[in-house]
Amino acid sequence: MSLDALPGFREFYPSELAERNFIIDTWREVARRYAFVEVDGPPLEPLELYTRKSGEEIVGQLYSFTDKGGREVALRPEMTPTLARMVSAKANALRKPIRWFSIPQLFRYERKQRGRLREHFQLNVDIFGEADVTADAELLATAIDMMRAFGLTSSDVRARVSDRRLLRGLLVLTGITDEMLPGVYAVVDKLDREPRASLEAKLRAGGLHDVFIGRVFEVLKHPDLDTLRDRYGDVPELREDFTRLARYFECLEALGVRDWVEFDLSIVRGLAYYTGIVFELFDAKRELRAICGGGRYDSLLKQLGGTDLPALGFGMGDVVLGELLRARGRMPVWSPAVDVWVAYADAGLLDDAMRIARRLRDRGRSVEFALGGQQLSRQLKAASAAGAREALVLQPEELERGDAVVRRLDTGDETRVRLDEWIGAH
RNA sequence: GUGACCGUAGCUCAAUUGGUUAGAGCACCGGACUGUGGCUCCGGGGGUUGGGGGUUCAAUUCCCCUCGGUCACCCCA
């Protein structure tokens with residue numbers, strides 16, 4: 001074929017679609033346990049929904065075009081702006097806190113890489129209208145419980161959490177101003193991936209004096225919470241942040257996920273709109289990209305021109321997660337499954353086979369038979385290949401008497417049955 | 001967007017220093033075993049060697065361009 005699928009877009013053959021469905025079904029099931037309800041929005045949105053504010057980072061990677069009506073439109077690169085609009089439109093009518101999840105297919109125009117395509121399915125779980133840290137813990141517990149539902153353990157997957165308010169407070173103490181913060185966040189985000197020298201160079205290029213640079217690294221060399229508290233716990237401006245984080249970990253303990261989580265001040269997340277506790281889930285061996293990321297974005301709804309509601313949420317894509325599940329042997333191997341194969345010894349019995357298939361299908365069974373008049377040995381071979389558990393073998397004389405043979409395809413055992421009774425028992 | 005490496009049937013790979021109609025295994029379809037499958041044997045379809053151009057008597061093999069893939073960077077979901 002000369003017309004291949006576009007780069008970065010996937011075709012799902014049966015086994016691949018089965019894997020995708022396994023992931024999505026598990027997401028739905030756990031979201032349901034946590035009492036989140038599912039919503040969805042348009043896959044195509046006005047371009048301005050993303051260019052207006054959101055993150056300017058996204059704009060360069062938008063899958064956008066002009067439609068036939070002259071509108072500038074974009075395939076959705078993320079779900080949050082749509083959700084923000086939906087919440088704002090009915091903010092007064094919706095019971096708070098609003099607990100929503102959605103599983104949109106998202107699109108980005110960028111170079112394909114491992115774990116990163118131009119299209120993916122992403123679970124979004126969000127809570128709107130709750131400012132208390134309990135909601136932050138509930139959200140992370142949901143993400144972690146999903147890992148558990150996939151059969152992964154706390155030695156397969158780790159969660160790292162931080163709080164942008166604490167990080168900001170610590171940096172402000174060192175004399176960093178709000179204008180310098182974005183540049184510093186960008187460097188903090190790369191703390192464990194790049195050598196210190198190149199990070200310092202970046203800060204310097206961002207206009208920071210060496211004095212500040214030294215102080216920034218001084219703060220960041222205490223990644224664990226206890227050390228930070230010992231050192232900065234008495235600072236009045238930070239007291240609230242330490243109290244909140246302590247409560248956060250208490251909640252995580254009560255929700256049963258504490259042992260999956262570690263504090264890491266260097267987690268800031270790329271998106272500019274996060275305002276509070278942020279987190280990432282990643283494989284413990286650090287072989288793959290982040291599995292999931294999220295946090296609190298209290299001011300986003302208002303910034304997008306909607307209601308002023310506190311909000312928090314996370315996104316989890318199917319691509320990295322799928323890679324991890326396969327690598328850890330947690331992805332079910334798909335095989336076809338047919339309940340009953342109706343085989344006929346004589347092509348003249350094909351119509352009888354169809355009538356019997358019809359009756360079994362009416363009863364909800366998955367039934368297949370040879371569409372072309374194949375010889376019996378072919379039919380049974382096909383029945384095995386189709387994953388049929390049993391074959392109903394029709395013979396002219398037996399059928400005349402209302403009998404048939406049921407052959408179990410795994411053991412080869414055969415039993416003679418009264419056809420009507422056997423069908424009725426299904 | 002930048003850089004490096006790699007492109008032979010659906011998949012995994014062959015093809016002697018460039019040498020005739022590019023082969024094999026698996027998979028698929030069919031035949032043999034003619035009231036019963038998984039084994040075995042036999043056969044079949046399927047490749048303008050990613051595409052285009054160049055060098056040569058001759059290119060899967062050498063050179064250039066292009067497209068695609070992989071990895072890293074960038075950026076992030």
Side-chain angles (χ1 to χ4, degrees), chain A residues 1-9 11 13 15 50 54-63 75-80 103-125 185-186 189-190 193-194 198 202 268-274 280-282 287-295 313-323 338 341-349 370 372 374-399 404-414 416:
Chain A
M1 287 283 283
S2 55
L3 294 177
D4 292 330
L6 291 169
F9 285 81
E11 295 175 308
Y13 286 84
S15 64
Y50 307 110
S54 215
E56 289 302 318
E57 316 90 15
I58 286 174
V59 177
Q61 300 165 353
L62 279 173
Y63 226 111
L75 288 167
R76 57 187 175 194
E78 57 167 332
M79 193 59 178
T80 307
I103 305 177
Q105 188 173 20
L106 303 179
F107 305 87
R108 284 206 173 177
Y109 195 89
E110 63 175 355
R111 189 119 166 216
K112 184 179 176 296
Q113 274 181 61
R114 185 181 186 199
R116 210 151 184 225
L117 309 171
R118 287 186 169 178
E119 145 278 319
H120 75 147
F121 289 87
Q122 189 194 60
L123 168 72
N124 279 248
V125 177
Y185 284 165
D189 193 39
K190 295 178 177 56
R193 296 197 293 270
E194 277 187 47
S198 80
K202 281 184 180 168
V268 293
R269 304 293 303 149
L271 291 175
Y273 55 62
Y274 288 114
E280 272 179 12
L281 260 56
F282 60 95
E287 289 166 348
L288 306 169
R289 294 168 179 282
I291 299 159
C292 160
F314 70 79
M316 187 187 296
D318 70 314
V319 180
V320 176
L321 179 58
E323 285 177 6
V338 166
W341 184 284
V342 183
Y344 41 91
D346 184 292
L349 299 180
Q374 293 173 316
Q375 57 178 311
L376 189 54
S377 68
R378 260 313 141 189
Q379 294 180 48
L380 289 168
K381 188 177 285 197
S384 295
R389 285 206 307 275
E390 46 192 15
L392 186 66
V393 183
L394 307 180
Q395 309 286 353
E397 317 81 51
E398 292 176 354
L399 192 59
V405 165
V406 173
R407 181 179 179 88
R408 287 202 41 171
L409 289 169
D410 50 351
T411 61
D413 296 340
E414 290 195 346
R416 186 168 307 257

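Chain letters run A, B, ... following the sequence lines, proteins first, then strands; residues in each count from 1.
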Please confirm whether any donor atom in the side chain of S384(A) sits under 3.5 Å from an acceptor in the base of rG37(B), or the reverse. yes
Between the base of rC75(B) and the side chain of R108(A), is there a donor-acceptor distance below 3.5 Å? no
Can you check the [X] [atom1] to [N] [atom2] distance for me, whole Å?
{"X": "M316(A)", "N": "rC76(B)", "atom1": "CE", "atom2": "C1'", "answer": "17 Å"}
{"X": "Q374(A)", "N": "rC28(B)", "atom1": "CD", "atom2": "C1'", "answer": "13 Å"}
{"X": "D346(A)", "N": "rU34(B)", "atom1": "CG", "atom2": "P", "answer": "17 Å"}
{"X": "F107(A)", "N": "rC76(B)", "atom1": "CZ", "atom2": "C1'", "answer": "18 Å"}
{"X": "E11(A)", "N": "rG10(B)", "atom1": "CD", "atom2": "P", "answer": "14 Å"}
{"X": "R378(A)", "N": "rU36(B)", "atom1": "CZ", "atom2": "P", "answer": "14 Å"}

Side-chain N or O of Q375(A) less than 4.0 angstrom from OP1 or OP2 on rG37(B)? no
Applying the Watson-Crick and G-U wobble criteria at under 3.5 Å, what pairs with [N]? Answer none if nothing qualifies.
{"N": "rC5(B)", "answer": "rG69(B)"}
{"N": "rU61(B)", "answer": "none"}
{"N": "rG38(B)", "answer": "none"}

Candidate nucleotides [options], ranked by approach to the side chain of [X] - the nearest:
{"X": "R407(A)", "options": "rC76(B), rG35(B), rG37(B)", "answer": "rG37(B)"}
{"X": "P7(A)", "options": "rC76(B), rU36(B), rG69(B)", "answer": "rG69(B)"}
{"X": "L376(A)", "options": "rG37(B), rU36(B), rC76(B)", "answer": "rU36(B)"}
{"X": "S377(A)", "options": "rC75(B), rG37(B), rG68(B)", "answer": "rG37(B)"}

Categorize [X] for me: base, sugar-phosphate, or nothing, with a 4.0 angstrom heavy-atom threshold over every strand shown.
{"X": "R118(A)", "answer": "nothing"}
{"X": "L106(A)", "answer": "nothing"}
{"X": "G293(A)", "answer": "nothing"}

NZ or CZ of R118(A) within 45° of F107(A) ring axis and under 6.0 Å: no
Write down the distance separating the [atom1] atoms in [N] and [M], rounded off to the nearest Å.
{"N": "rG23(B)", "M": "rA14(B)", "atom1": "C1'", "result": "7 Å"}
{"N": "rG45(B)", "M": "rA27(B)", "atom1": "C1'", "result": "13 Å"}
{"N": "rG54(B)", "M": "rG68(B)", "atom1": "P", "result": "23 Å"}
{"N": "rU70(B)", "M": "rU60(B)", "atom1": "P", "result": "27 Å"}
{"N": "rC67(B)", "M": "rG52(B)", "atom1": "P", "result": "15 Å"}

Given RNA chain B, 5'-ward residue of the pair G8(A) and E119(A), judged by closest heavy atom: G8(A)
With nearest nucleotides of RNA chain B determined for A385(A) and E398(A) from heavy-atom distances, which residue corresponds to the more 5′ nucleotide? A385(A)
